Amino acid sequence: MPIYQTSGFVFDDPAVMADAMTRPDGPFVYARYSNPTVRALELAVAGLEGGAAALATASGMGAVNTVLLGLLKPGDHLVAQQSLYGGTAAMINDLAARFGVGVTHVPENDPEALRAAVRPETRLVYLETISNPMARICDLPAMCAAARELGVLSVVDNTFATPMLCRPIEHGADVVIHSATKYLSGHSDVVGGMAVFADAALHAKIWHFAIELGASPDPFAAWLTLRGLQTLPLRMERHCSNAHLLASRLDEHPAVTAVHWPGLPSHPSYELGAKLLPGFGGVFTFDLAGGRAAGERFMSAVRLALLAPSLGGVETLVMHPATTSHRALSAEELARHGIGEGTVRIAVGVEHPEDLWADVEQAVAAAVA
Ligand SMILES: *Cc1c(COP(=O)(O)O)cnc(C)c1O
């Protein structure tokens, strides 16, 4: 796919140009509306997710905001699962504080709580297939079915699972969101987002709003994401198998007090995950004996893995949720999420598994020495 590095497109006929500005599937007219490279990415991701149409955005948060602001107005209400990506949680708090949108939080696996939370003014329920950083798996079939029964749209952030592990539309979701920055692009070299719609009419409505909001992606970013997508199945397999190896060995390590990866039977989402997903993802957390100081020593000691934010790229990245992604949470909220002072998050890359284990093992040894 070429990179169409242009902001606008030339027409012969003024009527055709005028018409193009009103149609999400019409001829290309202006790059904030659409662009051929961006459209190719939208078609590819819509196909992978089994959606009718998709909208690419300049970041994952751009997709979250395009969908939330495009669907909600003051006085509306939304139901969100308790544990959400930090940026999304902050945006939902802002919607409540500044735009008068009511918010109720429910556990990710409790359709009864969801039913009880829905009010006449509820517009949507916001879920995440696999949560960050504790990797809790959402009971999508039950939660989306409850939302649908009550006439409420379900919006699912599928960033951590990717369509290789889960296609939320098959479980009843109306909108699927991605931070394409993560696994879809896969090489830590682009920031991007996607919103995929089960229904073409809803896509058209949000496309019109997206033109006003202006979170459109650059064609080169779309091209990089398209290129990354070509290896998505291979990478996801390796992310999952590397995570399996590291999580199981850490779980048996005497210096590790807990490992939170849903592929381990001790994880609260193990049974649901085994039913719902063909793999358990590449992100997990673990706690070292020695708490925060040990966690910090671990992160300084890794050599192959890198101390960096983000996830979903080919490199293994480690970070400390309590002081970075989840810094806004009180000690009480951190505890409710299961995040300890010494909890380390590891986003497992696609390196050779034994190289990776050698690095993690020496860093654990250095951390507890
Ligand atoms: C990173 C991330 C986002 C935000 O995406 P950006 O591309 O950083 O804007 C949203 N949801 C999840 C689950 C993420 O991991």
Side-chain angles (χ1 to χ4, degrees), residues 49 51 60-61 63-161 166-179 193 195-199 202 205-206 209 268-269 272 276 326 328-330 332-333 336-338:
E49 287 286 3
M61 285 312 299
V64 171
N65 279 306
T66 303
V67 169
L68 289 181
L69 296 173
L71 289 175
L72 295 163
K73 61 181 190 316
D76 283 349
H77 174 254
L78 71 89
V79 180
Q81 82 176 40
Q82 255 153 15
S83 182
L84 288 173
Y85 175 73
T88 307
M91 182 60 203
I92 285 177
N93 288 344
D94 256 10
L95 283 173
R98 299 174 55 219
F99 299 99
V101 170
V103 181
T104 307
H105 291 278
V106 299
E108 73 285 345
N109 53 7
D110 192 343
E112 285 316 310
L114 170 57
R115 281 192 189 90
V118 168
R119 313 174 190 161
E121 64 274 21
T122 307
R123 292 286 159 270
L124 63 94
V125 46
Y126 195 97
L127 306 166
E128 293 182 358
T129 312
I130 305 177
S131 78
N132 176 43
M134 304 313 286
R136 306 271 307 216
I137 295 169
C138 178
D139 191 349
L140 288 179
M143 298 295 272
C144 295
R148 179 146 307 196
E149 260 168 47
L150 297 163
V152 173
L153 294 174
S154 35
V155 179
V156 179
D157 184 327
N158 198 36
T159 300
F160 273 49
C166 183
R167 282 172 295 281
I169 289 170
E170 290 175 0
H171 299 298
D174 297 287
V175 184
V176 177
I177 286 179
H178 280 280
S179 168
V196 185
F197 300 86
D199 172 40
L202 187 59
K205 175 182 155 154
I206 301 297
F209 176 70
S269 297
L272 177 65
L276 209 57
H326 291 68
L329 270 58
S330 66
E332 204 178 61
E333 287 172 311
R336 190 150 46 76
H337 283 77

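Keep in mind it's a predicted model, so treat the numbers as computed, not measured.
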So which heavy atom on A173 is nearest to which on S154, and how close? CA-OG, 3.7 Å
Taking all non-hydrogen atoms of both residues, which atom of A117 and which atom of T122 are closest, and how far apart? O-OG1, 4.3 Å
With sequence neighbours excluded, give me every salt bridge (Lys or Arg N to Asp or Glu O under 4.0 Å) pair touching residues 70-85. K73-D76, D76-R123
Side chain to side chain contact (heavy atoms under 4.5 Å, CB included) between M61 and T88, intermediate numbers included: CA-CA 7 Å; M61 285 312 299; T88 307; 4.1 Å; yes
Name all residues meeting the side-chain contact (heavy atoms from CB on, under 4.5 Å) criterion together with A135; count only those two or more places apart in sequence or in a different chain, and write none if there are none. I130, P262, H267
Hits for side-chain contact (heavy atoms from CB on, under 4.5 Å) against I169, two or more places apart or cross-chain, chain-then-number order -> V176, V196, A198
Residues that T159 engages under side-chain hydrogen bond (donor to acceptor under 3.5 Å, both in side chains), provided they are two or more places apart: D157
Test side chain to side chain contact (heavy atoms under 4.5 Å, CB included) on V175 and I206; report intermediate values, then the result. CA-CA 11 Å; V175 184; I206 301 297; over 6 Å; no
Please identify each residue that fulfils side-chain contact (heavy atoms from CB on, under 4.5 Å) with S83, with sequence neighbours left out. S131, H337
Has S330 got a side-chain atom pairing as donor or acceptor with E333's backbone, closer than 3.5 angstrom? yes
To the nearest 0.5 Å, what is the distance between CD (Q81) and CG (D139)? 11.0 Å
In terms of heavy-atom contacts, L78 and L72 come closest through CD2-CD1, 3.6 Å
For Q82, give me all partners under side-chain hydrogen bond (donor to acceptor under 3.5 Å, both in side chains), at least two apart in sequence or on another chain. none
Contact between D174 and D199 at the side-chain level, heavy atoms closer than 4.5 Å - yes or no? no
Tell me every residue that passes side-chain contact (heavy atoms from CB on, under 4.5 Å) with N132, counting only those two or more places apart in sequence or in another chain. Y85, F160, H326, R345
Are C166 and H171 close enough that some pair of their side-chain heavy atoms sits under 4.5 Å apart? yes
F197: which residues meet the ring-ring contact (aromatic ring centres under 6.0 Å, His included) condition with it, sequence neighbours left out? H203
Would you be so kind as to tabulate the donor-acceptor pairs closer than 3.5 Å made by side chains of residues 90-113, with sequence neighbours excluded?
residue : atom : partner : partner atom : Å
T104    : OG1  : H77     : NE2          : 2.7
E108    : OE2  : R136    : NE           : 3.0
E108    : OE2  : R136    : NH2          : 3.2
D110    : OD1  : E112    : N            : 3.2
D110    : OD1  : A113    : N            : 3.0
E112    : OE2  : R115    : NH1          : 2.7

Considering non-hydrogen atoms only, spot the tightest contact between F209 and N65 and give its length. CE2-O, 4.4 Å
side-chain hydrogen bond (donor to acceptor under 3.5 Å, both in side chains) partner of N158, chosen from E49, E128, R167: E49
Which heavy atom of L276 sits nearest to which heavy atom of C138, and what is that distance? CD2-O, 3.5 Å
